[in-house]
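Below is one structure, written out as C-alpha coordinates, with a few remarks after it.
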Amino acid sequence: MTVQKSTKNKIIFFGTSDFAVPVLKTLIKNQYEIIAVVTQPDREAGRGYEKNTSPIKEMALKYGLKILQPERVKDAEFIKILKEMSPELNIVCSYGKIIPEEIIEIPKHKTINIHPSLLPKYRGSSPIQTAILNGDKETGITIMLMDKEMDHGPIIKNIKLKIKNYETIICQELLEYLAEKSADLLIKTLPDWLAEKITPREQNHNEASFTKIFIKENGKIYWNKTSDEIDRQVRALNPWPGTFCFWHNHETETTTRLKIIKTELPYITSSDMIDIMPNKKEGTVFKTLSSLMAIATLNDHIIIKEIQPEGKKIMTGKDFLNGYPEIIGKILT
RNA sequence: CGCGGGGUAGAGCAAUUGGCAGCUCGUCGGGCUCAUAACCCGAAGGUUAGUGGUUCGAGUCCACUCCCCGCAA
(Lines give C-alpha, C1' and ligand atoms only; values in the text may rest on other atoms or scores of the structure.)
Protein backbone atom coordinates (compact mmCIF):
# COMPACT_ATOMS: atom_id res chain seq x y z
CA MET A 1 0.00 0.00 0.00
CA THR A 2 1.44 3.31 -0.99
CA VAL A 3 0.51 6.15 1.21
CA GLN A 4 0.52 9.53 -0.37
CA LYS A 5 1.80 11.74 2.34
CA SER A 6 3.74 14.77 1.40
CA THR A 7 3.99 18.41 2.15
CA LYS A 8 2.71 19.05 -1.35
CA ASN A 9 -0.78 18.36 -0.13
CA LYS A 10 -0.98 21.02 2.50
CA ILE A 11 -4.68 21.64 2.95
CA ILE A 12 -6.69 24.19 4.85
CA PHE A 13 -10.15 22.91 5.75
CA PHE A 14 -13.08 25.31 6.16
CA GLY A 15 -16.04 23.73 7.92
CA THR A 16 -18.42 24.09 10.82
CA SER A 17 -21.41 21.78 11.01
CA ASP A 18 -22.06 18.04 11.39
CA PHE A 19 -22.10 17.56 7.67
CA ALA A 20 -18.42 18.42 7.42
CA VAL A 21 -17.30 16.00 10.11
CA PRO A 22 -17.10 12.77 8.05
CA VAL A 23 -15.38 14.72 5.29
CA LEU A 24 -12.65 16.04 7.54
CA LYS A 25 -12.33 12.68 9.22
CA THR A 26 -11.77 10.94 5.90
CA LEU A 27 -9.13 13.45 4.89
CA ILE A 28 -7.26 12.81 8.09
CA LYS A 29 -7.50 9.05 7.74
CA ASN A 30 -6.17 9.27 4.20
CA GLN A 31 -3.07 11.03 5.40
CA TYR A 32 -3.74 14.42 3.89
CA GLU A 33 -1.92 17.10 5.76
CA ILE A 34 -4.44 19.46 7.29
CA ILE A 35 -2.35 22.48 8.19
CA ALA A 36 -5.31 24.37 9.62
CA VAL A 37 -9.02 24.09 10.26
CA VAL A 38 -11.07 27.22 9.88
CA THR A 39 -14.38 27.14 11.70
CA GLN A 40 -16.90 29.62 13.01
CA PRO A 41 -16.18 31.32 16.34
CA ASP A 42 -17.63 29.90 19.53
CA ARG A 43 -20.97 31.48 20.15
CA GLU A 44 -22.71 32.20 23.39
CA ALA A 45 -25.77 30.12 22.80
CA GLY A 46 -28.15 27.78 24.50
CA ARG A 47 -29.57 27.87 28.01
CA GLY A 48 -27.59 30.19 30.25
CA TYR A 49 -25.57 31.44 27.29
CA GLU A 50 -22.78 28.97 27.50
CA LYS A 51 -20.12 28.97 24.83
CA ASN A 52 -20.76 26.49 22.07
CA THR A 53 -18.04 25.02 19.93
CA SER A 54 -18.73 23.70 16.44
CA PRO A 55 -18.57 19.95 15.72
CA ILE A 56 -15.62 20.61 13.46
CA LYS A 57 -13.77 22.44 16.19
CA GLU A 58 -14.30 19.53 18.55
CA MET A 59 -12.86 17.22 15.97
CA ALA A 60 -9.91 19.48 15.28
CA LEU A 61 -9.18 19.58 18.99
CA LYS A 62 -9.34 15.81 19.16
CA TYR A 63 -6.78 15.44 16.40
CA GLY A 64 -4.64 18.32 17.59
CA LEU A 65 -5.09 20.38 14.44
CA LYS A 66 -4.46 24.09 14.24
CA ILE A 67 -7.72 25.97 14.63
CA LEU A 68 -8.62 29.37 13.24
CA GLN A 69 -11.88 31.08 14.17
CA PRO A 70 -11.94 34.48 12.51
CA GLU A 71 -14.85 36.72 13.35
CA ARG A 72 -14.51 38.34 9.94
CA VAL A 73 -13.21 36.26 7.04
CA LYS A 74 -12.35 39.38 5.09
CA ASP A 75 -10.08 40.57 7.87
CA ALA A 76 -6.69 41.52 6.45
CA GLU A 77 -4.87 39.97 9.38
CA PHE A 78 -6.62 36.64 8.88
CA ILE A 79 -5.88 36.60 5.17
CA LYS A 80 -2.27 37.34 5.92
CA ILE A 81 -2.10 34.33 8.25
CA LEU A 82 -3.54 32.09 5.56
CA LYS A 83 -1.03 33.29 3.01
CA GLU A 84 1.85 32.68 5.37
CA MET A 85 0.79 29.07 5.74
CA SER A 86 1.06 28.70 1.96
CA PRO A 87 -1.62 26.04 1.50
CA GLU A 88 -1.79 24.00 -1.67
CA LEU A 89 -5.56 23.65 -1.49
CA ASN A 90 -8.54 24.97 0.43
CA ILE A 91 -11.48 22.66 1.01
CA VAL A 92 -14.77 24.25 2.04
CA CYS A 93 -17.59 22.18 3.45
CA SER A 94 -20.59 23.74 5.19
CA TYR A 95 -18.50 26.51 6.64
CA GLY A 96 -21.39 28.94 6.85
CA LYS A 97 -19.74 32.09 5.63
CA ILE A 98 -18.99 33.59 2.26
CA ILE A 99 -15.32 33.25 1.42
CA PRO A 100 -13.77 36.24 -0.30
CA GLU A 101 -12.05 35.87 -3.64
CA GLU A 102 -8.74 36.84 -2.13
CA ILE A 103 -8.74 33.68 -0.01
CA ILE A 104 -10.04 31.49 -2.80
CA GLU A 105 -7.06 32.40 -4.92
CA ILE A 106 -4.36 31.78 -2.33
CA PRO A 107 -3.59 28.08 -2.88
CA LYS A 108 -2.01 26.77 -6.03
CA HIS A 109 -4.88 24.33 -6.47
CA LYS A 110 -7.43 26.97 -5.56
CA THR A 111 -10.44 26.39 -3.32
CA ILE A 112 -12.95 23.64 -3.78
CA ASN A 113 -16.35 23.28 -2.20
CA ILE A 114 -18.54 20.25 -1.50
CA HIS A 115 -22.24 20.87 -1.87
CA PRO A 116 -24.93 18.26 -1.13
CA SER A 117 -27.03 18.69 -4.25
CA LEU A 118 -26.74 18.28 -7.98
CA LEU A 119 -25.71 21.78 -8.89
CA PRO A 120 -26.95 23.99 -10.38
CA LYS A 121 -30.03 22.71 -8.60
CA TYR A 122 -30.50 23.78 -4.98
CA ARG A 123 -27.81 26.36 -4.54
CA GLY A 124 -27.71 27.95 -1.11
CA SER A 125 -27.80 26.89 2.48
CA SER A 126 -30.49 24.23 2.76
CA PRO A 127 -30.27 21.75 -0.13
CA ILE A 128 -30.86 18.70 2.05
CA GLN A 129 -33.97 20.03 3.78
CA THR A 130 -35.30 21.31 0.49
CA ALA A 131 -34.90 17.92 -1.19
CA ILE A 132 -37.01 16.29 1.50
CA LEU A 133 -39.50 19.13 1.59
CA ASN A 134 -40.03 18.70 -2.15
CA GLY A 135 -40.29 14.92 -1.90
CA ASP A 136 -37.39 14.39 -4.28
CA LYS A 137 -36.54 10.81 -5.24
CA GLU A 138 -32.97 11.64 -6.07
CA THR A 139 -30.33 14.14 -5.16
CA GLY A 140 -26.58 14.29 -5.41
CA ILE A 141 -23.26 15.74 -4.42
CA THR A 142 -21.20 18.27 -6.27
CA ILE A 143 -17.57 19.14 -5.84
CA MET A 144 -16.88 22.44 -7.48
CA LEU A 145 -14.28 25.05 -7.90
CA MET A 146 -15.32 28.05 -5.89
CA ASP A 147 -15.84 31.44 -7.35
CA LYS A 148 -17.11 34.64 -5.83
CA GLU A 149 -20.78 33.78 -6.26
CA MET A 150 -22.67 31.35 -4.04
CA ASP A 151 -22.44 27.75 -5.28
CA HIS A 152 -21.81 29.10 -8.74
CA GLY A 153 -18.37 27.82 -9.71
CA PRO A 154 -17.52 25.20 -12.33
CA ILE A 155 -18.10 21.55 -11.51
CA ILE A 156 -15.14 19.32 -10.79
CA LYS A 157 -17.04 16.17 -10.05
CA ASN A 158 -20.58 15.23 -9.19
CA ILE A 159 -22.60 12.17 -8.44
CA LYS A 160 -26.30 11.46 -8.63
CA LEU A 161 -27.79 9.51 -5.74
CA LYS A 162 -31.17 7.88 -5.28
CA ILE A 163 -32.96 8.69 -2.09
CA LYS A 164 -34.01 5.33 -0.81
CA ASN A 165 -37.14 5.55 1.31
CA TYR A 166 -37.76 9.04 0.06
CA GLU A 167 -41.26 8.78 1.53
CA THR A 168 -40.01 8.28 5.07
CA ILE A 169 -36.44 9.58 5.23
CA ILE A 170 -35.71 12.26 7.79
CA CYS A 171 -33.28 15.11 7.46
CA GLN A 172 -30.65 13.65 9.77
CA GLU A 173 -30.57 10.38 7.85
CA LEU A 174 -30.19 12.06 4.48
CA LEU A 175 -27.55 14.36 5.89
CA GLU A 176 -25.49 11.48 7.24
CA TYR A 177 -25.86 9.56 3.99
CA LEU A 178 -24.78 12.51 1.87
CA ALA A 179 -21.93 13.34 4.23
CA GLU A 180 -20.51 9.83 3.90
CA LYS A 181 -20.89 9.90 0.15
CA SER A 182 -19.29 13.34 0.04
CA ALA A 183 -16.29 12.03 1.90
CA ASP A 184 -15.99 9.12 -0.54
CA LEU A 185 -16.33 11.30 -3.59
CA LEU A 186 -13.80 13.80 -2.31
CA ILE A 187 -11.20 11.13 -1.61
CA LYS A 188 -11.66 9.65 -5.07
CA THR A 189 -11.48 13.03 -6.74
CA LEU A 190 -8.69 14.66 -4.82
CA PRO A 191 -5.68 12.86 -6.36
CA ASP A 192 -6.78 13.74 -9.89
CA TRP A 193 -7.51 17.29 -8.91
CA LEU A 194 -4.13 17.75 -7.28
CA ALA A 195 -2.51 16.18 -10.35
CA GLU A 196 -4.40 18.67 -12.49
CA LYS A 197 -6.07 15.93 -14.49
CA ILE A 198 -9.54 17.45 -14.17
CA THR A 199 -10.91 20.35 -16.15
CA PRO A 200 -13.86 21.89 -14.35
CA ARG A 201 -16.93 22.48 -16.46
CA GLU A 202 -19.19 25.46 -16.19
CA GLN A 203 -22.60 25.03 -14.56
CA ASN A 204 -25.67 25.57 -16.68
CA HIS A 205 -26.70 28.75 -14.95
CA ASN A 206 -30.05 28.88 -16.66
CA GLU A 207 -31.13 25.85 -14.66
CA ALA A 208 -30.01 27.21 -11.32
CA SER A 209 -32.38 27.12 -8.36
CA PHE A 210 -31.88 28.47 -4.87
CA THR A 211 -32.77 27.23 -1.43
CA LYS A 212 -33.70 29.57 1.35
CA ILE A 213 -32.49 29.83 4.90
CA PHE A 214 -35.15 28.36 7.14
CA ILE A 215 -36.38 30.36 10.07
CA LYS A 216 -38.49 29.39 13.08
CA GLU A 217 -41.68 30.44 11.40
CA ASN A 218 -41.11 27.89 8.63
CA GLY A 219 -41.60 25.20 11.26
CA LYS A 220 -45.14 26.25 12.09
CA ILE A 221 -47.54 23.51 11.09
CA TYR A 222 -50.78 24.47 9.38
CA TRP A 223 -53.21 21.60 9.68
CA ASN A 224 -55.19 22.75 6.66
CA LYS A 225 -52.47 21.33 4.48
CA THR A 226 -52.42 17.76 3.24
CA SER A 227 -51.01 14.92 5.34
CA ASP A 228 -48.25 14.48 2.81
CA GLU A 229 -47.19 18.12 2.91
CA ILE A 230 -47.12 18.13 6.70
CA ASP A 231 -45.19 14.88 6.87
CA ARG A 232 -42.55 16.21 4.50
CA GLN A 233 -42.32 19.42 6.51
CA VAL A 234 -41.74 17.45 9.71
CA ARG A 235 -39.17 15.16 8.12
CA ALA A 236 -37.32 18.03 6.48
CA LEU A 237 -37.28 20.59 9.25
CA ASN A 238 -36.25 18.55 12.26
CA PRO A 239 -34.17 19.14 14.23
CA TRP A 240 -33.74 22.60 12.75
CA PRO A 241 -35.76 24.81 12.85
CA GLY A 242 -38.15 22.22 14.25
CA THR A 243 -41.85 21.86 13.60
CA PHE A 244 -44.47 22.99 16.07
CA CYS A 245 -48.05 23.96 16.72
CA PHE A 246 -50.07 25.24 19.65
CA TRP A 247 -52.65 23.79 22.00
CA HIS A 248 -54.88 26.40 23.53
CA ASN A 249 -56.60 24.94 26.58
CA HIS A 250 -59.78 26.95 27.11
CA GLU A 251 -60.38 25.54 30.58
CA THR A 252 -57.07 26.62 32.04
CA GLU A 253 -56.61 29.53 29.63
CA THR A 254 -53.12 28.37 28.81
CA THR A 255 -51.38 27.89 25.52
CA THR A 256 -48.85 25.11 25.22
CA ARG A 257 -46.32 24.88 22.47
CA LEU A 258 -46.12 21.38 21.04
CA LYS A 259 -43.10 20.38 19.04
CA ILE A 260 -44.00 17.75 16.48
CA ILE A 261 -40.92 15.58 16.27
CA LYS A 262 -41.95 12.66 14.12
CA THR A 263 -45.01 11.90 12.06
CA GLU A 264 -46.14 9.07 9.87
CA LEU A 265 -48.62 8.85 7.02
CA PRO A 266 -51.63 6.60 7.66
CA TYR A 267 -50.82 4.23 4.83
CA ILE A 268 -47.34 3.65 6.24
CA THR A 269 -48.84 2.74 9.61
CA SER A 270 -51.20 0.29 7.88
CA SER A 271 -54.36 2.21 8.28
CA ASP A 272 -56.92 -0.56 8.02
CA MET A 273 -57.34 -0.53 11.77
CA ILE A 274 -57.63 3.20 11.96
CA ASP A 275 -60.70 4.97 13.18
CA ILE A 276 -61.58 7.05 10.15
CA MET A 277 -64.19 9.46 11.30
CA PRO A 278 -65.13 11.79 8.50
CA ASN A 279 -65.65 15.50 8.78
CA LYS A 280 -63.17 16.07 11.56
CA LYS A 281 -62.11 19.67 11.49
CA GLU A 282 -58.48 20.18 10.50
CA GLY A 283 -56.21 20.12 13.55
CA THR A 284 -58.48 17.92 15.65
CA VAL A 285 -56.66 15.47 17.91
CA PHE A 286 -58.03 11.95 18.09
CA LYS A 287 -57.01 8.44 18.99
CA THR A 288 -56.93 5.64 16.46
CA LEU A 289 -58.34 2.20 17.17
CA SER A 290 -54.82 1.06 17.93
CA SER A 291 -54.38 3.90 20.44
CA LEU A 292 -52.09 5.99 18.28
CA MET A 293 -52.26 9.76 18.37
CA ALA A 294 -53.61 11.27 15.18
CA ILE A 295 -54.47 14.74 13.95
CA ALA A 296 -56.94 15.58 11.21
CA THR A 297 -55.52 17.29 8.15
CA LEU A 298 -56.96 18.77 4.98
CA ASN A 299 -57.37 15.49 3.18
CA ASP A 300 -57.15 12.85 5.90
CA HIS A 301 -55.14 12.60 9.09
CA ILE A 302 -51.57 12.10 10.19
CA ILE A 303 -50.11 9.85 12.90
CA ILE A 304 -48.07 11.60 15.57
CA LYS A 305 -45.23 9.26 16.45
CA GLU A 306 -43.25 11.61 18.66
CA ILE A 307 -44.15 14.89 20.29
CA GLN A 308 -42.65 17.25 22.84
CA PRO A 309 -44.71 19.64 24.94
CA GLU A 310 -42.71 22.68 26.06
CA GLY A 311 -40.66 21.95 29.17
CA LYS A 312 -41.04 18.20 28.70
CA LYS A 313 -38.99 15.51 27.11
CA ILE A 314 -39.74 13.96 23.76
CA MET A 315 -42.41 11.30 24.15
CA THR A 316 -44.46 9.05 21.92
CA GLY A 317 -47.86 10.24 20.79
CA LYS A 318 -49.36 7.35 22.70
CA ASP A 319 -47.70 8.38 25.96
CA PHE A 320 -48.79 11.94 25.36
CA LEU A 321 -52.43 10.89 25.09
CA ASN A 322 -52.11 8.78 28.24
CA GLY A 323 -50.96 11.78 30.23
CA TYR A 324 -53.13 14.43 28.57
CA PRO A 325 -56.38 12.66 27.68
CA GLU A 326 -58.28 15.95 27.78
CA ILE A 327 -56.67 17.00 24.53
CA ILE A 328 -58.65 14.42 22.57
CA GLY A 329 -61.22 16.18 20.44
CA LYS A 330 -59.52 19.55 20.79
CA ILE A 331 -58.28 21.51 17.82
CA LEU A 332 -54.64 22.46 17.54
CA THR A 333 -53.58 25.67 15.87
C1' C B 1 -26.01 35.94 36.56
C1' G B 2 -31.08 36.23 29.55
C1' C B 3 -36.66 34.30 30.38
C1' G B 4 -39.44 30.01 31.78
C1' G B 5 -41.38 24.70 32.75
C1' G B 6 -40.29 20.13 35.23
C1' G B 7 -38.25 15.58 38.54
C1' U B 8 -44.30 11.05 42.02
C1' A B 9 -44.62 2.71 39.95
C1' G B 10 -41.37 0.54 33.58
C1' A B 11 -43.85 5.14 30.42
C1' G B 12 -47.01 9.57 30.32
C1' C B 13 -49.69 12.34 34.01
C1' A B 14 -53.03 13.39 38.87
C1' A B 15 -53.14 14.29 44.13
C1' U B 16 -58.23 20.39 47.03
C1' U B 17 -56.76 24.45 52.76
C1' G B 18 -50.42 20.08 54.70
C1' G B 19 -54.22 14.50 56.44
C1' C B 20 -54.54 6.48 54.03
C1' A B 21 -50.03 8.50 47.22
C1' G B 22 -54.10 7.79 42.53
C1' C B 23 -55.37 7.64 36.75
C1' U B 24 -54.28 5.87 31.75
C1' C B 25 -50.86 2.73 29.34
C1' G B 26 -47.38 -1.18 29.84
C1' U B 27 -45.84 -5.85 32.55
C1' C B 28 -47.36 -10.64 34.88
C1' G B 29 -51.53 -14.25 35.92
C1' G B 30 -56.54 -15.79 34.69
C1' G B 31 -61.14 -15.42 31.66
C1' C B 32 -64.14 -14.38 27.08
C1' U B 33 -63.39 -14.90 21.73
C1' C B 34 -62.57 -18.10 15.11
C1' A B 35 -59.44 -14.07 16.38
C1' U B 36 -57.42 -9.30 18.18
C1' A B 37 -53.80 -3.73 19.36
C1' A B 38 -60.94 -5.05 21.65
C1' C B 39 -63.61 -6.65 26.33
C1' C B 40 -63.94 -8.84 31.66
C1' C B 41 -61.41 -10.39 36.48
C1' G B 42 -57.00 -10.30 39.41
C1' A B 43 -51.74 -9.27 40.79
C1' A B 44 -46.99 -7.27 41.11
C1' G B 45 -44.62 -2.74 40.99
C1' G B 46 -43.19 3.81 45.30
C1' U B 47 -37.46 5.81 50.45
C1' U B 48 -42.58 11.15 45.76
C1' A B 49 -34.44 13.32 42.66
C1' G B 50 -31.10 14.46 47.18
C1' U B 51 -29.81 17.07 51.99
C1' G B 52 -31.43 19.94 55.95
C1' G B 53 -35.56 22.73 58.25
C1' U B 54 -40.93 23.95 59.99
C1' U B 55 -45.02 20.58 61.85
C1' C B 56 -48.72 15.95 65.79
C1' G B 57 -48.33 14.95 60.54
C1' A B 58 -44.79 17.07 54.30
C1' G B 59 -45.37 14.68 47.42
C1' U B 60 -47.48 19.44 49.18
C1' C B 61 -44.50 24.83 53.06
C1' C B 62 -38.98 26.99 53.61
C1' A B 63 -33.51 26.74 52.33
C1' C B 64 -29.69 24.59 49.57
C1' U B 65 -27.72 20.77 45.97
C1' C B 66 -28.09 17.57 41.65
C1' C B 67 -30.50 16.35 37.04
C1' C B 68 -33.97 17.07 32.58
C1' C B 69 -36.41 20.31 29.13
C1' G B 70 -38.91 24.72 26.30
C1' C B 71 -38.04 29.91 24.65
C1' A B 72 -34.54 33.38 23.25
C1' A B 73 -29.68 33.73 20.93
Next item on the list: With C1' as the reference atom in both, quote the distance from B/C13 to B/C3 in angstrom, rounded to an integer.
Entry: 26 Å
Item checked: Whichever of A/N52 and A/Y49 has its nearest RNA chain B nucleotide further upstream toward 5' -> A/Y49
Item checked: Base paired to B/G70 (Watson-Crick or G-U; both N/O distances under 3.5 angstrom) -> B/C3
Next item on the list: Could you measure between the two P atoms, the one in B/C69 and the one in B/C62, and give it in whole Å?
Entry: 26 Å
Notebook entry, point to check: Taking atom P of B/C71 as reference, at what distance in whole Å does atom CD of A/E310 sit?
Noted result: 8 Å
Check: Is the count of non-hydrogen atoms from other residues, nucleotides or ligands lying under 6.0 Å from A/K62 atom NZ greater than 12?
Finding: no
Margin query: Counting only side-chain nitrogens and oxygens, does A/K216 get under 4.0 Å of the OP1 or OP2 atom of B/A72?
Written below: yes
Margin query: Counting only side-chain nitrogens and oxygens, does A/Q308 get under 4.0 Å of the OP1 or OP2 atom of B/G70?
Written below: yes
Next item on the list: Scan every strand shown for a Watson-Crick or G-U wobble partner of B/A37, both distances under 3.5 Å, and answer none if you come up empty.
Entry: none
Next item on the list: Consider the side chain of A/Y324, meaning its heavy atoms from C-beta on, and name the nucleotide among B/A72, B/G12, B/C25 that approaches it most closely.
Entry: B/G12
Checklist line | B/G6 and B/C1, which share atom name P, separated by this distance in whole Å | finding: 24 Å
Margin query: Roughly how many Å apart are B/U24 and B/C41, using the P atom of each and rounding to a whole number?
Written below: 11 Å
Notebook entry, point to check: Would A/E102 and A/K80 count as a salt bridge (charged side-chain N to carboxylate O under 4.0 Å, His left out) if you check the C-alpha gap in whole Å, the side-chain angles of each, and the deciding distance to 0.1 Å?
Noted result: CA-CA 10 Å; A/E102 200 178 350; A/K80 189 183 164 200; over 6 Å; no
Check: Could you state the CE-C1' distance from A/M315 to B/G7, rounded to the nearest angstrom?
Finding: 13 Å
Next item on the list: Return the nearest nucleotide to the side chain of A/N322; candidates are B/C25, B/A72, B/A37.
Entry: B/C25
Margin query: Could you walk me through whether A/D231 and A/R235 satisfy the salt bridge (charged side-chain N to carboxylate O under 4.0 Å, His left out) test, starting with their C-alpha distance in whole Å, then the side-chain angles of each, then the deciding distance to 0.1 Å, before giving a yes or no?
Written below: CA-CA 6 Å; A/D231 186 59; A/R235 288 187 289 114; 2.9 Å; yes
Notebook entry, point to check: The side chain of A/K318 lies closest to which of these nucleotides: B/G70, B/C25, B/A72?
Noted result: B/C25
Note to self: With rounding to the closest Å, how many angstrom separate the P atoms on B/A21 and B/C64?
What the structure shows: 29 Å
Check: Quick one: does A/R257's side chain have a donor or acceptor within less than 3.5 Å of a partner on A/W247's backbone?
Finding: no
Check: Please give, in whole Å, the distance from B/C71 C1' to A/L258 CG?
Finding: 14 Å
Check: Can you hop from A/V73 to A/V37 via hydrophobic side chains spaced under 4.5 Å?
Finding: no
Check: Starting at the 5' end of RNA chain B and moving along, which residue's nearest nucleotide shows up first, A/D319 or A/S291?
Finding: A/D319
Checklist line | B/G57: pairing nucleotide in any strand, Watson-Crick or G-U under 3.5 angstrom | finding: none
Item checked: Whole-angstrom distance between B/G31 and B/U16, as gauged at atom C1' -> 39 Å
Note to self: Whole angstroms only, please: what is the CE-C1' distance between A/M293 and B/A11?
What the structure shows: 16 Å
Next item on the list: Could you check which nucleotide pairs with B/U48 in any of the strands shown, counting Watson-Crick or G-U wobble with both distances under 3.5 Å?
Entry: none
Notebook entry, point to check: Please give, in whole Å, the distance from B/C1 C1' to A/E44 CD?
Noted result: 12 Å
Next item on the list: Rounded off to whole Å, could you give me the CD1-to-P distance for the A/I307 and B/C69 pair?
Entry: 18 Å
Next item on the list: Calculate the interatomic distance between A/K259 atom NZ and B/C71 atom P; express it in whole Å.
Entry: 4 Å
Checklist line | Interatomic distance at P, B/G22 relative to B/A15, whole Å | finding: 14 Å
Next item on the list: State which of B/G6, B/G4, B/A37 makes the closest approach to the side chain of A/R47.
Entry: B/G4
Item checked: For A/Y166, ring-ring contact (aromatic ring centres under 6.0 Å, His included) partners two or more places apart -> none
Notebook entry, point to check: When the P atoms of B/G59 and B/G53 are considered, how many whole Å apart are they?
Noted result: 15 Å
Item checked: Residue A/K312, side-chain heavy atoms: nucleotide from B/A73, B/C13, B/C71 that is nearest -> B/C13
Margin query: Taking the basic N atoms (NZ, or NE/NH1/NH2) and the acidic carboxylate oxygens, is any pair closer than 4.0 Å for A/K121 and A/E207?
Written below: no
Checklist line | B/C23 - base-pair partner by Watson-Crick or wobble geometry, distances under 3.5 Å | finding: B/G12
Check: Between atom CZ in A/R43 and atom C1' in B/A73, what is the gap in whole Å?
Finding: 11 Å
